[in-house]
Amino acid sequence: MKILVAVKRVIDYNAKVRVKADNSNVDLSNTKMAINPFCEIAVEEAIRLKEAGSAQEVVAVSVGPKACQEQIRAALALGADRGIQVETDDNLESLNVAKLLAQVVRDEQPDLIIMGKQAIDSDNNQTGQMLSALLNMPQGTFASEINLQEGEVQVIREIDGGLQTLGLTLPAIITTDLRLNEPRYASLPNIMKAKRKPLAVVTPETLGVELKQHSKLLKVTPPAERSAGILVSSVDELIEKLKNQAKVI
Amino acid sequence: MAILIIAEHDNCTLKGATLNTVTAAAQMGQDLHLLVAGSNCQNVADEAASVEGISKVLLADNSVYAHHLAENTAQLISQLGTAYSHILAPATSNGKNILPRVAALLDVGQISDITAVESADTFQRPIYAGNAIATLQSLDNIKVITVRGTAFEAASTGNDAPIENVDLQIESNLSSFVSEEIAQSDRPELTAAKVVISGGRGMGNSENFTLLEQVADKLGGAVGASRAAVDAGFVPNDIQVGQTGKIVAPDLYIAVGISGAIQHLAGMKDSKIIVAINKDEEAPIFSVADYGLVADLFEAVPELEQKL
Ligand SMILES: Cc1cc2nc3c(=O)[nH]c(=O)nc-3n(C[C@H](O)[C@H](O)[C@H](O)COP(=O)(O)OP(=O)(O)OC[C@H]3O[C@@H](n4cnc5c(N)ncnc54)[C@H](O)[C@@H]3O)c2cc1C
Ligand SMILES: Nc1ncnc2c1ncn2[C@@H]1O[C@H](COP(=O)(O)O)[C@@H](O)[C@H]1O
C-alpha cells in the first residue's frame, strides 16, 4: 500500500499573530513557521502504518512557495520516503489546493490519502472533503482511529455528541483529529538523512491544473479586545458579583 | 434566486444550530428553503416548517440519507443546489463534513464559519484561532457557506411552510455506516447553553468532573473541557471547547483549572461574562476573565456549588 500525506506550512501554533497596520492581511514576517499540527498527525499515522507493515511507501506533498520544502523535509525526517512540492507563490484557496492535490493523486495512485482536518492559519476545514469530491473517493473526516481491513478502512470519527465508525472502500481520504496519535519528534540522524531523500518539484502548469479565484480578501482586522476584569478574593465575592453586577445568575 | 439551508438533525428533532443559520441566511436574501435529508424524519420536516422565514421545506426522506454519509448527501445537495444563489449549513461536525464536498462538486469555493454578513456576497470570518477577522467577498455564482451558530440569534418558530418531497435516491457505495456512540445527557447542548462550566488539566481525573457537573446542574448549564482534559481521557472528545473543538458564547463561562491557551480562548472568548478559577495567578486565562479567583479549585468549586 502507498500512502500520500498532505502537509501545509503554517504559523507555529505558539506564535503570536499580528494584523498589518493597513489591514491588508496578517503580518507573518519574522514569524516562526511549522508543519500544520494536524498534518504532523497525518504523517505520524502514515509512518505507523508503514512500521506495522501495512504500507510500503509514504509520500509527503505540499503546495506552496519554495519555503514549504522545509515542511516536506520535516515530514521526511519523521519517516516519509519522498516528497513532492507543488510550487506556487500564492496563498491558495482550498479548492485550488484540492485541484492540485487531485492531479498529484492521479499521477501517484496512492491507496490512502491522509490529511489534516484543518489548517490552523485559515481554519478552513475544507481541503480533504473537496479532494474527496474531485476524485469521487470516500472521506473519513475528523478521524481518531484508523483500522485497515481487507479492501476497506474503518475510521472512527469525532462527531458532535460522540464517535461514529464508518467503513470506506479504498482508495480513501482521511482527515486527522487530535486524538488519532501523538506525533514523535524527529531524531538528529533522521533530520540529516532526510536531506538526501528525493524531493520532486512540480508546478500547476506541469500538472495541467488551471486555478481560479473564488473569493477576494477585502480586509483583515484585529478582533474586539476584551478588557481585563478584576480579581475577586473569595467565592462569596464571586457569587455577589455574578448576581448583582453581571446579573448572569 | 432562493437560498438553500441544510437542516441539522438526528432524524428525530431539528437541532438548534439550524435556527441560527436561518437568521444568517435571512441577512442574505428573502426566499429561504430548508432541506431535511434523512430517514424517517417527517417529524423533523414538521419542525422545519414551523421556522419563521422559511418559504418551503424540502424533504428527502430515504434510508440512503439515514446517517448523513457525505458521499450520498453531498451529491443530493449539489444536484438541488444548482437552482440556488447560496447554500448554507451550520458549522457543526455534519456541516463541516458535507458542505466542502458540495462546494467542490459545484466547482465553487466555500467560506467557512462566518460570524457576520455584510451583504449578500461579503462575509466576516475569524482566522488564526480568532486572532484576526477576515472580510471576504465571494466571487462564485453559488455561495457555499458554513455559519458559526454563536454569532447569530436563533430564528423563532410559529410558521407553517409547505413541505415538498424530493425523490432523489443517491447511493455511492463508497462508504458505509458501522456504528455510533452518542452520549445522552439531560443537560442543555454545549453550544446553546446559557451557562458553561469547563474543566482543564487541573481537574486531575475524570471523577473530579462531577464537581463541575453539580455546579452546571445548579445553574442549568453544560459542561465543557480543554483539549488537555480530553486528551487525558477525563471527558469525551465532543465537549472540547476551542479553535478545533466547539465554539461557545454563553452568558456565563466558568473556566476551572484551564490555563487559557489561544486555542482554548478561540472557542470561548465571545462569552458575555468569563470567570476563571485557577491557582496560578499568572495564568493567561485571567487576562480575558471578567472575574478571576486565584484559588485551589478543589476548595473553590465545592464551596461555589454549596453556596449557589
Ligand atoms: C492544533 C492544536 C489544536 C488545539 N485545539 C485546542 C482546542 O480546541 N481547545 C483547547 O482547549 N486546546 C486546544 N489545543 C491545546 C492548547 O494549546 C493547550 O495545550 C490546552 O488548551 C491546555 O489545556 P489546559 O489549560 O487544561 O492545561 P494546562 O495548560 O496544563 O493548564 C492547566 C491549568 O490548571 C491549573 N491548575 C492545576 N491544578 C489546579 C488546582 N488544583 N486548582 C486550580 N487550578 C489548577 C494550572 O495552574 C494551569 O493553569 C490545541 C493545540 C494544538 C496544537
Ligand atoms: N497548501 C497546502 N499544501 C498541502 N496540503 C494542504 C495545503 N492546504 C491544505 N492542505 C491539506 O488540507 C488540510 C486541511 O486544510 P484546510 O482545508 O485549509 O483547513 C491540511 O491539514 C493539509 O493536510
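Treat the numbers as computed from the prediction; the structure is a model and nothing was measured. Proteins get letters first, then strands, A, B, ... in listed order; numbering begins at 1 in each.
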- Query: What do the steps show when you test B/Val275 against A/Leu238 for side chain to side chain contact (heavy atoms under 4.5 Å, CB included), and what is the final call?
  - Reply: CA-CA 9 Å; B/Val275 170; A/Leu238 176 63; 3.9 Å; yes

- Would you sort out whether A/Ile159 and B/Asn97 count as a side chain to side chain contact (heavy atoms under 4.5 Å, CB included), showing the intermediate values? CA-CA 10 Å; A/Ile159 60 167; B/Asn97 185 40; over 6 Å; no

- Between B/Thr244 and A/Gln118, does a side chain to side chain contact (heavy atoms under 4.5 Å, CB included) hold up when you go through it step by step? CA-CA 8 Å; B/Thr244 61; A/Gln118 161 176 354; 3.8 Å; yes

- Message: side chain to side chain contact (heavy atoms under 4.5 Å, CB included), that's the test. Do B/Tyr128 and A/Leu28 meet it? Break it down for me.
- Response: CA-CA 11 Å; B/Tyr128 292 90; A/Leu28 293 182; 3.6 Å; yes

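For A/Leu218, the parts lying under 4.5 angstrom from a heavy atom of chain B are both the backbone and the side chain. For B/Thr92, the parts sitting under 4.5 Å from any heavy atom of chain A are the backbone and the side chain alike. Proximity to chain B is absent for every atom of A/Glu182, based on heavy atoms less than 4.5 angstrom apart. Contact of A/Ser233 with chain B is made through the backbone alone, with heavy-atom distances under 4.5 Å. Looking at B/Glu299, neither its backbone nor its side chain comes within 4.5 Å of chain A, counting heavy atoms on both sides. Looking at A/Arg157, only its side chain comes within 4.5 Å of chain B, counting heavy atoms on both sides. Only the side chain of B/Leu69 comes within contact range of chain A, with heavy atoms under 4.5 Å apart. With a 4.5 Å cut-off on non-hydrogen atoms, A/Thr221 touches chain B through its backbone and its side chain both. Both the backbone and the side chain of B/Leu304 come within contact range of chain A, with heavy atoms under 4.5 Å apart. Contact of B/Asp121 with chain A is not made at all, since no heavy-atom distance falls under 4.5 Å. Of the atoms belonging to A/Val232, heavy atoms from both backbone and side chain fall under 4.5 Å from chain B. Proximity to chain A is limited to the side chain of B/Lys246, based on heavy atoms less than 4.5 angstrom apart. In this structure, chain A has heavy atoms under 4.5 Å from both the backbone and the side chain of B/Ala300. Using a 4.5 Å cut-off between heavy atoms, B/Glu71 touches chain A through its side chain atoms alone. The parts of A/Ala246 that come within reach of chain B are both its backbone and its side chain, each placing non-hydrogen atoms under 4.5 angstrom from that chain. Looking at B/Ala289, only its backbone comes within 4.5 Å of chain A, counting heavy atoms on both sides. Both the backbone and the side chain of B/Asn131 come within less than 4.5 Å of a heavy atom of chain A. Using a 4.5 Å cut-off between heavy atoms, B/Arg125 touches chain A through its side chain atoms alone. With a threshold of 4.5 angstrom between heavy atoms, B/Thr146 does not approach chain A through any atom at all.
Among A/Pro223, A/Gly140, A/Gly229, the residue making the largest number of heavy-atom pairs under 4.5 Å with chain B is A/Pro223. Between chain B and the options A/Leu95, A/Leu166, A/Asp121, the largest number of non-hydrogen pairs under 4.5 Å is found for A/Asp121. Taking chain B as the reference chain and counting heavy-atom pairs below 4.5 Å, the highest number among A/Ile120, A/Leu134, A/Val19 is found for A/Ile120. Chain A forms the most heavy-atom pairs under 4.5 Å with one residue out of B/Ser179, B/Gly109, B/Ala104, B/Ala103, and that residue is B/Ser179. When each of A/Asn136, A/Asp177, A/Thr175 is checked for heavy-atom pairs under 4.5 Å with chain B, A/Asn136 comes out on top. The choice from A/Ile249, A/Leu170, A/Val248, A/Ile11 that makes the most heavy-atom pairs within less than 4.5 Å of chain B is A/Val248. Contact count versus chain B (heavy atoms, under 4.5 Å) is highest, among A/Ile230, A/Asn125, A/Leu217, for A/Ile230.
Here the side chains of A/Gln139 and B/Arg101 are in contact, with some heavy-atom distance below 4.5 Å. In this structure, B/Leu293 and A/Val235 have side chains that are in contact, with non-hydrogen atoms separated by less than 4.5 Å. For the pair B/Arg227/A/Arg179, a side-chain contact is recorded, criterion being any heavy-atom separation below 4.5 Å from C-beta on. Two residues are said to be in side-chain contact when any heavy atoms from C-beta on lie closer than 4.5 Å; B/Ile111 and A/His214 fail this criterion. In this structure, B/Asn237 and A/Glu158 have side chains that are in contact, with non-hydrogen atoms separated by less than 4.5 Å.
Taken from NZ in A/Lys219 to CD in B/Gln137, the straight-line distance is 12.5 Å, to the nearest 0.5 Å. The CD atom of A/Glu225 sits 8.5 Å away from the NZ atom of B/Lys269 when rounded to the nearest 0.5 Å. Rounding to the nearest 0.5 angstrom, the gap separating the CD1 atom in B/Ile273 from the NZ atom in A/Lys241 is 11.5 Å. From A/Asp160, atom CG reaches atom OG of B/Ser93 across 3.5 Å, with rounding to the nearest 0.5 Å. Taken to the nearest 0.5 Å, the CD atom of B/Glu181 stands 11.5 Å off from the CD atom of A/Gln164. Here the straight-line distance linking atom CG of A/Asn124 with atom CD1 of B/Ile127 works out to 9.5 Å at 0.5 Å rounding.
B/Asp270 has no carboxylate O lying under 4.0 Å from a charged side-chain N of A/Arg226, or vice versa, which leaves the two without a salt bridge.
The main-chain N or O of A/Tyr13 is found under 3.5 Å from a side-chain atom of B/Gln263 such that the two form a donor-acceptor pair. No donor-acceptor pair closer than 3.5 Å links the side chain of A/Ser215 to the backbone N or O of B/Leu136. In this structure, A/Gln129 contributes its side chain and B/Lys96 its backbone to a donor-acceptor pair below 3.5 Å. Although no hydrogens or angles enter the test, the distance criterion places a donor-acceptor pair under 3.5 Å between the side chain of A/Asp123 and the main chain of B/Ala129.
Counting only N and O atoms by type, the side chains of B/Ser112 and A/Gln126 include a donor and acceptor under 3.5 Å apart. Judged by distance alone, the side chains of B/Tyr291 and A/Gln245 do bring a donor and an acceptor atom under 3.5 Å apart.
Closest of all the heavy-atom pairs between A/Val26 and B/Ala132 is CG1-CB, 3.8 Å.
With a 6.0 Å radius and a threshold of 12 heavy atoms from other residues, nucleotides or ligands, A/Lys20 has its NZ atom above the threshold.
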